[in-house]
Amino acid sequence: MPTAVLTDRERTAVQAYLRLLHTVRAAFGDETSGPPHDRFPPMVPPAVLAEADRALAEAGLTGNEEEFFRLLNSWCPRA
C-alpha cells in the first residue's frame, strides 16, 4: 500500500480528528463507571470540536469526508 504524503494542513486535520476521537472514546468510557444516578451524559469539550472543524476547513476537507478518511486511513490505519 502506498504511503500518503500529507501536507501540513492535512496532517493537522488528521491529528485534530484523532484528538477528537480519543476524547469521545474517553467520555463514553467514563460514562460506564460509577452508580447510575451519578452518571452524566458524555461531554466533548467545545474547543476540541472547534479545533477539528477549523483544521478540516483549513485543509480544504470540509464536505469531502471521503478524501479525509482516505488520508486518515493511509496515515493512521487503526484509528
Side-chain angles (χ1 to χ4, degrees):
M1 174 187 297
T3 303
V5 178
L6 299 161
T7 67
D8 288 341
R9 289 184 174 164
E10 290 169 340
R11 188 178 308 104
T12 299
V14 168
Q15 290 171 335
Y17 172 78
L18 291 173
R19 279 191 289 281
L20 174 61
L21 181 62
H22 294 298
T23 301
V24 168
R25 285 179 177 164
F28 278 97
D30 290 347
E31 182 188 44
T32 60
S33 62
H37 57 70
D38 290 341
R39 291 187 203 152
F40 295 98
M43 175 156 171
V44 175
V48 176
L49 290 170
E51 175 193 22
D53 283 342
R54 188 172 46 257
L56 284 170
E58 289 175 2
L61 295 167
T62 300
N64 193 350
E65 291 79 8
E66 184 176 341
E67 176 66 11
F68 172 72
F69 284 109
R70 185 190 64 73
L71 291 170
L72 177 67
N73 188 49
S74 68
W75 196 65
C76 187
R78 293 187 179 176

- Please round to the nearest 0.5 Å and tell me the distance separating atom CG of Leu18 and atom OG1 of Thr23. 10.5 Å
- Query: CG of Asp8 to CD of Gln15: how many Å apart, nearest 0.5 Å?
  - Reply: 9.5 Å
- Message: For Arg9, give me all partners under salt bridge (Lys or Arg N to Asp or Glu O under 4.0 Å), at least two apart in sequence or on another chain.
- Response: none
- Message: Minimum heavy-atom separation for Leu61 and Ala13, please, with both atom names.
- Response: CD1-CB, 4.4 Å
- Query: Pick from Thr7, Val14, Thr12: which one makes a side chain to side chain contact (heavy atoms under 4.5 Å, CB included) with Glu10?
  - Reply: Thr7
- Message: For Asn64, is there any backbone N or O sitting under 3.5 Å from a side-chain donor or acceptor partner on Glu67?
- Response: no
- Note on the structure: On a heavy-atom basis, the closest approach of Asp53 and Thr62 is O-OG1, 4.5 Å
- Item | side chain to side chain donor-acceptor pair (under 3.5 Å) partners of Glu65, counting only residues at least two apart | none
- Note on the structure: Residues passing the side-chain contact (heavy atoms from CB on, under 4.5 Å) test with Ala16, sequence neighbours excluded, are Arg19, Glu51, Ala52, Ala55
